[in-house]
Q: 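I'd like to ask you about the structure that follows.
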Amino acid sequence: MQTMACTLIAIERQRQIEEENRTPEWDVKFNRPNQLSTAGAAYALQDATIWPFSAETYKPSPGNRIWELVKAAALIASEIDRILREYEQ
């Protein structure tokens, strides 16, 4: 059974891949270990000070806690994809 939360996370992860070209292969090539999960933590904790990328790429969603958590979870999923892709190589 997939919950609405899981569906929203999957949709956001697919958007990252299709619209931003952030594929698992891209993530392996351009992101350091834990960088994507730290980005997810920044959204989950609403803490821009731990954002691991340039400040202008941090895009919080004030007033929409669900969307911030969806982005956080999708970034953590991308870290999992990145790790799995590393193991395949």
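Side-chain atoms are counted along with the backbone in the values below, which use heavy atoms only and exclude waters and symmetry mates.
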Q: List, by chain and then residue number, the residues other than I50 in its hydrophobic cluster (Ile/Leu/Val/Met/Phe/Trp/Tyr, side-chain heavy atoms under 4.5 Å); write none if there are no others.
A: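 Cluster partners of I50: L45.
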Q: Scan for side chain to side chain donor-acceptor pair (under 3.5 Å) pairs involving residues 40-56, sequence neighbours excluded, and state none if there are none.
A: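 Sorted pair list: Q46-E68, D47-T49, W51-T57, S54-E56.
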Q: Please list all pairs meeting side chain to side chain donor-acceptor pair (under 3.5 Å) that have one or both residues in residues 75-87, counting only residues at least two apart or in different chains.
A: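 Listed once each, the pairs are R13-D81, E25-R85, E79-R82, R82-E86, R85-E88.
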Q: Measure the spacing between OG1 of T38 and CD1 of I76 and express it to the nearest 0.5 Å.
A: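 The OG1 atom of T38 sits 9.0 Å away from the CD1 atom of I76.
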Q: Give, for atom CG of L69 and atom CD of E12, the distance between the pair rounded to the nearest 0.5 Å.
A: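 The distance works out to 12.5 Å.
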Q: Using the ring pair (Phe, Tyr, Trp, His ring centres under 6.0 Å) rule, collect all pairs that involve residues 1-40, keeping only residues at least two apart or in two chains.
A: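 Matches after skipping sequence neighbours: W26-F30.
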Q: Please report the shortest heavy-atom distance between A39 and F53, naming the atom on each side.
A: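 For A39 versus F53, the nearest heavy atoms are CB-CE1, 3.7 Å.
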Q: Applying side chain to side chain contact (heavy atoms under 4.5 Å, CB included), name anything that partners I66, two or more places apart in sequence or on another chain.
A: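 Only L8, N64, V70 meet the side chain to side chain contact (heavy atoms under 4.5 Å, CB included) criterion with I66.
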Q: Looking at every non-hydrogen atom in both residues, tell me the closest pair between Q2 and A10 and how far apart they are.
A: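 For Q2 and A10, the tightest heavy-atom pair comes out as NE2-CB, 4.3 Å.
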Q: For E19, check side-chain hydrogen bond (donor to acceptor under 3.5 Å, both in side chains) against everything at least two apart and list the hits.
A: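 Counting only residues at least two positions away or on another chain, E19 forms no side-chain hydrogen bond (donor to acceptor under 3.5 Å, both in side chains).
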Q: Got a sec, which residues hit side-chain hydrogen bond (donor to acceptor under 3.5 Å, both in side chains) with Q35, two or more places apart in sequence or on another chain?
A: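 Per chain and number, Q35 pairs via side-chain hydrogen bond (donor to acceptor under 3.5 Å, both in side chains) with no residue.
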Q: Just jot down the ring pair (Phe, Tyr, Trp, His ring centres under 6.0 Å) partners of W67, sequence neighbours excluded, or say none.
A: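 Once residues adjacent in sequence are excluded, W67 has no partner under the ring pair (Phe, Tyr, Trp, His ring centres under 6.0 Å) criterion.
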Q: On a heavy-atom basis, which atom in A72 and which in A44 lie closest, and how many Å separate them?
A: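 Taking every non-hydrogen atom into account, CB-N, 3.7 Å.
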Q: Do I17 and I9 share a hydrophobic cluster, counting only Ile, Leu, Val, Met, Phe, Trp and Tyr and linking them when any side-chain heavy atoms are less than 4.5 Å apart?
A: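 I17 and I9: separate clusters.
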